[in-house]
Structures are given as C-alpha cells and as structure tokens.
Amino acid sequence: MTLWDTHCHLHAPEYAGAHADLLARAREHGIQGIVAVGCDPATNRATLALARQHPAMIRSAVGLHPEWAHPPGAVPALAAQVRGHRPLVVAIGEVGLPWYRLGDGPVTEEGRRLAEGVLRACLRLAERADLPALLHAPHGAASRALELLREQGIARAVFHWHKASPEVTQAIVGAGYFVSVTPELLYRERDRELVRSVPLTALLVETDGPWPFAQAFGAQRTEPWMVERVVEAIAAVKGVPLPEVRAELAANLRRLFGPAVLGPEGC
Ligand SMILES: [Zn+2]
C-alpha cells in the first residue's frame with residue numbers, strides 16, 4: 001500500500017550528503033515516496049535537482065515560504081521554475097500566510113497585505129498549472145487561507161501540519177481540502193483531538209523534516225521513515241485497523257496529487 005511523506009525539506013543542510021541513506025531507511029519502513037518542498041527559488045532549484053537524481057522516490061513541490069523574506073521578482077521566478085520544470089513539479093508549496101493570531105500577531109497590516117498578495121499569486125499559478133497547493137497557514141492564518149483558496153478556485157490543497165480551531169478545521173474539511181499530521185501525533189493531545197475530529201478521507205501524513213520532534217523521536221534527525229509511526233498512531237487514535245488506514249491514506253494521495261504522481265507502483 002502506497003505510503004508517502006507528503007512534506008519534507010530535503011533541501012535542508014541537515015540532509016547534505018545523506019539523501020541515499022535516508023531513502024534506503026524510508027524504503028525499509030515501507031515508504032514509497034517523498035514530496036520534497038521548496039521555500040524560495042534557490043531551495044526550489046535544489047529540490048528539483050533531488051527529484052531529477054532520485055526519480056523513483058522523490059517528487060518536487062516549488063514554493064515561496066511565507067515566513068521567508070522574498071525579493072521583488074520572486075513570484076515571476078517561481079512561475080518560471082514551474083514552466084521550465086513542469087514534468088518534475090507535483091505541487092505548489094510551501095506557500096501560505098505567515099504565522100499570526102488575528103489581532104495580536106507579529107505581522108503588520110502592510111505585511112499581511114503583502115503576504116496575501118504573494119499567496120494569491122502562488123494560488124493563481126497552481127490553478128493555471130493544475131497543481132495542488134501545499135499550505136503553511138496555522139492558527140489564525142488558516143481561516144484566511146481557506147477564503148483565499150475559495151476565492152482563487154483552488155480544487156486541491158492541503159493544510160500542512162495543521163493547527164486551527166475545530167470550527168475552522170471543519171470548514172477546511174467540509175470544503176474538500178486535506179489536513180496533514182506529523183510525528184507530534186504520537187505525543188500531543190492537540191493532534192490526537194484533530195485526528196479524532198476529521199474523517200480519514202481528509203488526512204495525510206508528513207514529517208516537515210528536518211524539524212525536530214520530541215519523546216520517541218528525541219535526539220534523532222527527523223526523516224521520512226517516521227511517517228510509518230504516524231500512520232500507526234492514526235490507527236490507534238481512530239480505532240481503525242492499520243490496513244484500512246493505509247488504504248485510505250493511499251487514496252487521499254491519489255486525490256491530492258493525481259495518479260500520475262504515484263508512478264506505476266502507486267496503488
Ligand atoms: Zn515545511
């Protein structure tokens with residue numbers, strides 16, 4: 001059954017020189033693929049190169065991370081990367097809105113307006129290229145990101161490492177978008193509550209590596225193999241047999257990325 005890490009920063013310096021070993025470990029744990037996400041034109045380039053080097057397991061998403069500073073011209077540069085490498089690109093991401101809680105966040109009104117402008121442009125790019133959007137829009141940013149997805153007519157999107165109020169989560173899932181969970185599910189009640197509250201048909205798994213996790217994962221570099229543990233945790237939290245969970249997650253992958261992305265072994 002196909003199992004992917006749907007969000008990992010394989011461009012990060014923590015993984016330099018380690019990709020072959022990391023992929024071998026992932027395979028040992030039954031992981032068939034990884035969506036490597038980019039954050040700016042340089043990391044997008046690195047991500048595209050990895051997808052070219054490891055076509056059996058790595059697919060690339062290209063984006064403009066909302067918490068990174070981007071010079072003028074970043075959006076056209078992203079558009080050029082999508083056009084120039086379209087066969088390698090499976091999603092637009094990581095894109096989104098900077099972290100803030102409405103009313104008291106660190107983002108000024110002007111910063112918010114600029115961030116929304118960049119996200120709108122990225123979503124238009126996704127819509128034109130018929131690609132899903134991988135969103136960073138936690139907490140107070142989630143509801144606004146949902147509005148922008150609807151406004152731009154985006155059919156396929158995932159709120160990565162999702163964190164938001166139950167009402168906003170239900171609106172996201174009700175609109176047909178996905179939410180994804182990380183190894184935090186193994187030790188954080190907030191994540192367990194999220195998994196209990198949404199149907200299996202709305203869930204994906206990811207690591208957001210190399211972001212470090214605690215408890216069972218403490219002192220280890222975060223790697224894609226860890227999503228195997230996340231899937232087991234979903235089965236435990238929902239009280240659903242593991243094969244059923246894996247089948248649902250595989251179907252979700254197909255719905256988000258399309259069958260072509262999964263390759264001939266995708267099932
Ligand atoms: Zn990320």
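We're numbering straight along the sequence, starting at 1.
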- Query: Between Arg246 and Glu248, does at least one N-O distance fall below 4.0 Å, as a salt bridge requires?
  - Reply: no
- Query: Under a 4.0 Å N-O cut-off, is there an ion pair linking Glu232 with Arg229?
  - Reply: yes
- So CG of Leu131 and CG of Leu123: to nearest 0.5 Å the spacing works out to 12.0 Å
- Task: Of all the heavy-atom pairs spanning Ala61 and Val35, show the shortest one and how long it is.
- Result: CB-CG1, 4.1 Å
- Heavy-atom nearest pair, Ile34 first then Trp4, reads N-CE3, 3.7 Å
- Query: Rounded to the nearest 0.5 Å, how far apart are NE2 of His54 and CG of Leu22?
  - Reply: 9.0 Å
- Nearest-0.5 Å distance that lies between atom CD in Glu94 and atom CG in Asn44: 11.0 Å
- Message: If you apply the rule side chain to side chain donor-acceptor pair (under 3.5 Å), what do you find for Thr43 with Asp40, and how did you get there?
- Response: CA-CA 5 Å; Thr43 56; Asp40 68 351; 2.8 Å; yes
- If you look at every heavy atom in Ala121 and Val75, which pair is closest and at what distance? CB-CG1, 3.7 Å
- Looking only at non-hydrogen atoms, find the nearest pair between Met57 and Arg27 and report the distance. SD-NH1, 3.2 Å
- Query: With hydrophobic residues grouped by side-chain heavy-atom distances under 4.5 Å, do Val90 and Ile58 end up in a single group?
  - Reply: no
- Task: Please step through side-chain contact (heavy atoms from CB on, under 4.5 Å) for the pair Val95 and Leu125, ending with a clear verdict.
- Result: CA-CA 11 Å; Val95 296; Leu125 204 53; over 6 Å; no
- Task: Indicate whether the side chain of Thr2 and that of Gln32 have a donor and an acceptor atom separated by less than 3.5 Å.
- Result: no
- Message: Please tell me whether His9 and Glu14 have a donor and an acceptor in their side chains that are separated by less than 3.5 angstrom.
- Response: no
- Task: Output yes when Glu110 and Arg113 qualify as a salt bridge under the 4.0 Å nitrogen-oxygen rule, no when they do not.
- Result: yes
- Closest non-hydrogen contact found for Arg150 with Ala171 is NH2-O, 4.1 Å
- Task: List the steps, then state whether side-chain contact (heavy atoms from CB on, under 4.5 Å) holds for Trp161 with Trp211.
- Result: CA-CA 11 Å; Trp161 199 340; Trp211 185 272; 3.2 Å; yes
- Indicate the atoms forming the closest heavy-atom contact of Phe178 with Leu203, along with that distance. CD2-N, 4.2 Å
- Query: Checking side-chain contact (heavy atoms from CB on, under 4.5 Å) for the pair Val245/Lys238: CA distance, chi angles, key distance, verdict?
  - Reply: CA-CA 9 Å; Val245 172; Lys238 283 203 157 305; 5.8 Å; no
- Task: Tell me, with the steps shown, if Ser180 and His162 meet side chain to side chain donor-acceptor pair (under 3.5 Å).
- Result: CA-CA 6 Å; Ser180 71; His162 181 62; over 6 Å; no
- Measure the shortest side-chain to side-chain distance between Leu194 and Arg190 over non-hydrogen atoms and say whether it is less than 4.5 angstrom. no
- Leu48 side chain near Val62 side chain, heavy-atom distance below 4.5 Å: yes
- Message: Run the side-chain contact (heavy atoms from CB on, under 4.5 Å) test on Arg255 and Arg156 for me, step by step, so that the C-alpha distance in whole Å, both residues' side-chain angles and the decisive distance to 0.1 Å come before the verdict.
- Response: CA-CA 8 Å; Arg255 279 172 34 233; Arg156 294 176 289 149; over 6 Å; no
- Task: Nearest 0.5 Å please: distance from the CG atom of Leu50 over to the CG atom of Leu88.
- Result: 11.0 Å
- Task: Flag the pair Arg196 and Glu189 as a salt bridge only when some basic side-chain nitrogen lies within less than 4.0 angstrom of an acidic carboxylate oxygen.
- Result: yes
- Query: Is there a side-chain contact between Arg112 and Pro98, using heavy atoms and a 4.5 Å cut-off?
  - Reply: no
- Message: Under a 3.5 Å cutoff, is there a donor and acceptor pairing between the side chains of Thr182 and Asp208?
- Response: no
- Task: Report yes if some heavy atom in the side chain of Pro183 is under 4.5 Å from a heavy atom in the side chain of Gln215; otherwise report no.
- Result: no
- Item | CZ on Arg25 to NE2 on His29, rounded to 0.5 Å | 8.5 Å
- Could you check if a side-chain atom of Tyr15 sits within less than 4.5 angstrom of a side-chain atom of Cys8, using non-hydrogen atoms only? yes
- Task: Look up atom CG in Asp130 and atom CD in Glu127, then write down how far apart they are to the nearest 0.5 Å.
- Result: 8.0 Å
- Item | Gln53 side chain reached by His19 side chain, heavy atoms, under 4.5 Å | no
- Message: Test of understanding: clusters of I, L, V, M, F, W, Y form through side-chain heavy atoms closer than 4.5 Å, transitively. Do Leu146 and Ile92 belong to the same one?
- Response: yes
- Message: Between Thr207 and His7, do the side chains contain a donor N or O and an acceptor N or O under 3.5 Å apart?
- Response: no
- Query: Do Arg52 and His85 have side-chain N/O donor and acceptor atoms under 3.5 Å apart?
  - Reply: yes
